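Structure, as structure tokens:
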Amino acid sequence: MITKFIKRILRRDPMDRHTQANQTSAPKRVSKKIHRIDPHLLSKNAVKVTDTLQQAGYEAFIVGGAVRDLALGIGPKDFDVATNATPDQVQKLFRKARLIGRRFQIVHVTFFGKGAPEIIEVSTFRALLDNAGDHVAENGRILRDNVWGSQHEDAARRDFSINAMYYDPSTETVLDYHGGMADMQKKTLRMIGDPAKRYREDPIRMLRAIRFAAKTGFTLDPATSAPIAKLGSLIHDVPAARLFDEILKLLMSGYSWAAIQGLRDAGLHHGLLPLLDHILDTKPDSKGANDFVRLALANTDQRIQSGKSVSAGFLFATLLWPDLLKNWQGNIANGMSNIPALHDAMDDTIATQSSGMTIQRRFESDMREIWSMQPRFEKRVGRYPFRLIESPRFRAGYDFMLLRCATGEQAPALGEWWTSFIAADPAGQEALMASAKTELGNNQSHSPAKKRRRRKPKTVSPVEDMPG
Ligand code: ATP
Ligand code: MG
């Protein structure tokens, strides 16, 4: 303890001058009795990072969303650490530490354990920017922010009061600079500083407000929500990749349905995903395409809340499915045959979407695979089912098909058939295929459309050529 103190006194680094500033605006120290953070919810690796930094004489805290979640009694999905050590100083203390970012460097400290490696993100306290000078664009957006600062400044540049608390695992104390703990108790989400100015600096904060309100169930403070109606359109100035990341976070938050309602209430959804416009502009109880999306989102939320993984490609495939279906049916009505009509519709749907928020390529190929698998589920004879099962993305395609059965867009019997087929032994699979054949035969005797198609095997052949 004494060595720690002496080291702190002796250390001379650019942060020292800011330590003085800190004292003039002291944070509230919140004890364990009040914050009730359960140390069992802490990541051991995050604690290793704060301990190591503190033993080297620096200040170090768990910060941001992790403290918010801990105070809510939720195990955080990742841990960020804030310190007064510079990135170089941090890097020297850890074996697996990598400097990330050009504009403002942070350090990723990686720990390897039984499961996936854990990355603790360590950032140096950042300075506040004044509104003058070359950091701020004409519309108020921050362009450059790469200056280190004091802890007090670091707190002031964060977004919401509940995201600006610093937890020291060694003393189990929370440093609360902006009344975050009181807001937690009042279940209020409050922007630090002048909300309109903060939204202008970074319009993404409007989306964050909606996401956190959905996640925590907190209410936006009136002064925090008021400017959103007027400033909502600034979201379109945000670079597409960043906007995409934020929307993805929102959809993968485990509270996507609530968050999407929040976007609608705030009038923020227009132009983000054309499909969101569509679902959100129709009444919640109206039937149709929305059922599919609603079910898909509820399903995603449930999976995430129970700790299961969800692929973003799958999620976007569901969100755009009603559009795709419409285009697909339209193409068929215009005389195209089934499979080319589907592929043409996929191109159309993705192109229309890209006029709003561009979906990244890596997800696009997942979406295409999931979609193009759908007609293949109807072919339940010969080698078709075995080929389909071997597709690398079969599981996603199958889950997607089950969703279609659940909304009645596909016959529930089809989903049941596949569920049995996956579980069956070879003899069982033969029997299932035989039953499907009979079903097909019966249908054909009643269905002129299918009879016609049988005489022209060419219309079916593209199925075999489709990527798996
Ligand atoms: P989660 O990780 O659960 O989505 P989070 O609050 O940790 O939530 P991050 O994006 O990981 O969100 O950011 C970490 C912290 O950085 C936030 O808690 C907040 O203090 C700060 N922060 C992030 N984005 C912004 C922003 N756009 N404006 C101001 N502060 C921000
Ligand atoms: Mg986080």
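As a basis for the values below, the full set of heavy atoms in this structure was taken, side chains included, without hydrogen atoms, waters or symmetry mates. These figures come from a predicted structure and were not determined experimentally. In this chain, residues are counted from 1 in sequence order. Read the numbers this way: they start at 1 and go in the same order the structure lists the ligands and their atoms.
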> Does some side-chain heavy atom of Ile204 sit less than 4.5 Å from a side-chain heavy atom of Ile235?
Replying inline: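 A side-chain contact is absent here, since even the closest heavy-atom pair is not under 4.5 Å.
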Could you list which atoms of ligand 1 come closer than 4.0 Å to a heavy atom of [X]?
X: Arg205; result: 26 (C), 27 (N), 28 (N), 29 (C)
X: Lys249; result: 10 (O)
X: Asp80; result: 11 (O), 14 (C)
X: Asn163; result: 6 (O), 18 (O), 19 (C), 20 (O)
X: Lys77; result: 1 (P), 2 (O), 3 (O), 4 (O)
X: Gly64; result: 18 (O)
X: Lys215; result: 3 (O)

> Are any of the N/O atoms in Arg198 less than 3.5 Å from those in ligand 1?
Replying inline: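 Such a contact does not occur with ligand 1.
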> ligand 1 and Ala66, any nitrogen or oxygen pair closer than 3.5 angstrom?
Replying inline: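 Among all N and O atoms of Ala66, none is under 3.5 Å from an N or O of ligand 1.
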Between [X] and ligand 1, which residue portion shows a heavy-atom distance shorter than 4.0 Å: side chain, backbone, both, or neither?
X: Val63; result: neither
X: Phe212; result: side chain
X: Arg157; result: backbone
X: Arg242; result: side chain
X: Asp202; result: side chain

>> Here's a test for you: under ring-ring contact (aromatic ring centres under 6.0 Å, His included), which of Trp418, Phe292, Phe394 qualifies with Phe400?
In response: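 That would be Phe292; it is the only one of Trp418, Phe292, Phe394 passing the ring-ring contact (aromatic ring centres under 6.0 Å, His included) with Phe400.
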> Does atom CD of Gln305 have more than 12 heavy-atom neighbours, drawn from other residues, nucleotides or ligands, at distances under 6.0 Å?
Replying inline: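 Yes, because the 6.0 Å sphere around CD of Gln305 holds more than 12 heavy atoms from other groups.
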>> Could you report the tightest heavy-atom contact between Lys249 and Arg208, atom names first, then the distance?
In response: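 Minimum heavy-atom separation between Lys249 and Arg208: NZ-NH1, 4.4 Å.
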>> Quick check: closest heavy atoms across Ile370 and Phe314, and the distance to 0.1 Å?
In response: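 In terms of heavy atoms, the two residues are closest at CD1-CA, 3.7 Å.
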Shortest protein heavy-atom distance from [atom], along with the residue and atom involved:
atom: atom 18 (O) of ligand 1; result: Gly65 N, 3.1 Å
atom: atom 16 (O) of ligand 1; result: Arg158 NH1, 3.4 Å
atom: atom 24 (N) of ligand 1; result: Arg208 CZ, 3.2 Å
atom: atom 4 (O) of ligand 1; result: Arg211 NH1, 2.7 Å

Got a salt bridge between [X] and [Y], using NZ or NE/NH1/NH2 to carboxylate O under 4.0 Å?
X: Asp221; Y: Lys186; value: no
X: Asp159; Y: Arg198; value: no
X: Arg68; Y: Asp183; value: no

> Is there a heavy atom in Arg68 that sits closer than 4.0 Å to ligand 1?
Replying inline: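 Distance cut 4.0 Å: Arg68 passes for ligand 1.
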> Among Asp69, Asp154, Asp159, which residue places a heavy atom closest to atom 29 (C) of ligand 1?
Replying inline: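 When every heavy atom of Asp69, Asp154, Asp159 is considered, Asp159 comes closest to atom 29 (C) of ligand 1.
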> Short question: side chain of Ser306, backbone of Gln302 - any donor-acceptor pair under 3.5 Å?
Replying inline: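 Such a contact is found between Ser306 side chain and Gln302 backbone.
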> Is there a donor in the side chain of Tyr398 and an acceptor in the side chain of Thr419, or the other way round, less than 3.5 Å apart?
Replying inline: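 There is such a pair (donor and acceptor under 3.5 Å, judged by atom type) between the side chains of Tyr398 and Thr419.
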> Can you find a side-chain donor-acceptor pair between Tyr166 and Asp176 that sits under 3.5 Å?
Replying inline: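 Looking only at side-chain atoms, Asp176 and Tyr166 do not form any donor-acceptor pair under 3.5 Å.
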> Would a line drawn from the ring center of Phe244 to the ring center of Phe363 be shorter than 6.0 Å?
Replying inline: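 When the ring centroids of Phe244 and Phe363 are compared, they turn out to be within the sub-6.0 Å range.
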